[in-house]
Number of protein chains: 2
Amino acid sequence: MTKNTTVQTMFIPVQAGRASEEIALQIEAAIMDGRLSPGERLPSEREMQSQFGTGRGVIREAIKILKQKGLLEVKKGAKGGAYIRHLDVDNVSESLALFLKQHPVEPEKLIEFRETMDRTITQLAIAHADQNEKDALLKEALRLETILREEEPDFIASSELDRQLNIMLANMARNPLFEWVMHAMQMGFSSHDYALYEDKTYRERAAANWSNTARAIAQGELMRALGFIGYHYVLLRQCIDEKNALTNEPDAEFLQKDEQ
Amino acid sequence: MTKNTTVQTMFIPVQAGRASEEIALQIEAAIMDGRLSPGERLPSEREMQSQFGTGRGVIREAIKILKQKGLLEVKKGAKGGAYIRHLDVDNVSESLALFLKQHPVEPEKLIEFRETMDRTITQLAIAHADQNEKDALLKEALRLETILREEEPDFIASSELDRQLNIMLANMARNPLFEWVMHAMQMGFSSHDYALYEDKTYRERAAANWSNTARAIAQGELMRALGFIGYHYVLLRQCIDEKNALTNEPDAEFLQKDEQ
DNA sequence: ATGCCTACAATGGTACGACCAAAGGCGAGA
DNA sequence: TCTCGCCTTTGGTCGTACCATTGTAGGCAT
């Protein structure tokens, strides 16, 4: 045990079992309380190896942990190394997606959750967003409607547009917490909503309903907007019920869409 | 340029490095599509080392990644090894907590979010929960009130109890999505609510209010329950405003509570 | 003087081999 | 039969050597 005498060391040697986790925690703590900021670079593995007084493997495992957490980005070559990263919602969303894959939620529960989120977000959006944003939302909703009214709708584009509409709306609520929840939802299950778009009649009704919702929001008419949102989920529930009626299969597989 | 491989490499520069991540993905895929089930054990590191044809370090790094994701649990000793684990909300909550620490949200946004969640959850809880659970909730709320009415309240215990009350309530909503959101909230910032408990007058009012809320829920009186919830957040907002008025400091540090 | 090109150094990625530490299993002895 | 201690398995760590990638500096040609 060579207690490193270099006072300057930001890190202290470890000895307990699971050294890599201990080190990961130390580095994480350093990031969290600002001793290390996003964009900065950690010492090289070989350097940390001596600072911590461990083998290089341990350091590498610690880095792998933090990398998986999304805290680090590792680059090779000269001037490479482990750089502190800005976390973004994707990490949260990914771990949620993982969780949901092992714990399939009944579609009804999902809908219930999404519906209440939508209602709240709409309320906040009407209250907080600029008129510009509201108009933009309406414009995009109309665009979606146009796409979906075609004979051969571009499902990829419409799904993407639907997603964007939801994100826009969440953004207009001016509350980041709602944003990431929506984001996580979008990632977790690429939205049953798209089932709506498969059937022609549902498709047109849903599209028109989106436009109506957006219009109500643009005009600041909360109750009307909430009414349209309610109708959206009525449609969705109907659509899913029909789908389940056809395929006697339970919903399990329906949920297990893989997207990574 | 001695890229001896085909022109394809121009578009697929990967394949270099990242062996551990490749292996992690393979194992993860095996878990996801059921080739490996929770409770099962992976081969030993030395065995996988030869199966994958890599060094042991790579295997260990892959395991560390999956362990961090919460997919594996590693035990030492004979009959040890990497066991496939059931995912639980903690992983989601942890990554959310991490995210929130790097992206501090204004307290008001937090309160706004929590309040709408509480209202929804309460609504669902009244509709879905057994009477037994409702009574249990009331009982715990009363216990909290008792604790907080003492001259020297046990803040640790009361915080924990407050947390449990929230979790219980979320559980009663019978929707796992609300559960993990609440869970994540609790982990992310150990609740500003506790600020309420520092001041004697707020403390007693908040405690009484919790009991009232629980009682209203137990009696199935939705509107009354929502009223009490509203009052809770009125109190919380007041309390925080006062606190900010005293310390001219902005809220930044207030949010950066470290609890890991 | 300018610009290209190569060699070098820094750094992560991988391999191998050795040893330590725990933890369960099994056999010897009381 | 029960208990205790060794033995095997298996993760945890160390250390070294080597490879691959990448930025840079310095040399060479124009």
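Keep in mind the model is a prediction, meaning the values are calculated, not measured. Per chain, numbering begins at 1; letters A, B, ... match sequence-line order.
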* Structure fact -> Here the distance between atom P of C:dG13 and atom CD of A:Glu73, to the nearest Å, is 12 Å
* To do: Spell out, as yes or no, whether a donor-acceptor pair under 3.5 Å connects the side chain of B:Glu40 to the backbone of B:Ser37.
  => yes
* Among the candidates D:dT13, C:dA15, C:dG13, find the nucleotide nearest to the side-chain atoms of B:Val58. => C:dA15
* **Spacing between B:Lys64 atom NZ and D:dG12 atom P, to the nearest angstrom** => 5 Å
* Which nucleotide in the set C:dG13, D:dG11, C:dG24 lies at the smallest distance from any side-chain heavy atom of B:Lys79? -> C:dG24
* Structure fact -> Rounded to whole Å, the CZ-C1' distance (A:Arg18 to D:dT13) equals 14 Å
* Asked: Between A:Arg41 and A:Gly80, is there a donor-acceptor pair closer than 3.5 Å when you use the side chain of the first and the backbone of the second?
  -> yes
* Structure fact -> With the side chain defined as heavy atoms from C-beta on, A:Val74 is closest, among D:dT13, D:dT10, C:dG13, to C:dG13
* Expressed in angstrom and rounded to an integer, what is the separation of B:Arg60 atom CZ from D:dT10 atom C1'? -> 10 Å
* Asked: Atom CZ of A:Arg46 and atom P of C:dA10: how far apart are they, to the nearest Å?
  -> 11 Å
* Can you check whether B:Leu87's main-chain N or O pairs, donor with acceptor, with A:His103's side chain at less than 3.5 Å? -> yes
* Asked: What is the nucleic acid contact for A:Gly57, judged by heavy atoms within less than 4.0 Å: base, sugar-phosphate only, or nothing?
  -> nothing
* To do: Find the distance B:Gln49:CD to D:dG12:P and express it as a whole number of Å.
  => 15 Å
* **Side-chain donor or acceptor of A:Lys109 paired with backbone N/O of B:Arg174 under 3.5 Å** => yes
* Nearest listed nucleotide, side chain of B:Glu45, among C:dG12, D:dG12, D:dC14 -> D:dG12
* Structure fact -> Rounded to whole Å, the CD1-P distance (A:Ile59 to C:dT11) equals 15 Å
* 5′-ward residue of the pair B:Leu42/A:Arg56 relative to DNA chain D -> B:Leu42
* Structure fact -> Regarding the side chain of B:Lys76, the nearest nucleotide among D:dT13, C:dG12, D:dG11 is D:dG11
* Asked: So which one's nearest nucleotide on DNA chain C is more toward 5', A:Gly77 or B:Gly55?
  -> A:Gly77
* To do: Measure the distance from CG on A:Leu72 to P on C:dT11 and round it to the nearest whole Å.
  => 16 Å
* Are any side-chain N or O atoms of A:Asp130 and backbone N or O atoms of A:Glu133, one a donor and one an acceptor, separated by less than 3.5 Å? -> no
* Structure fact -> Out of C:dG12, C:dA10, D:dG12, minimum distance to the side chain of A:Ala78 belongs to C:dA10
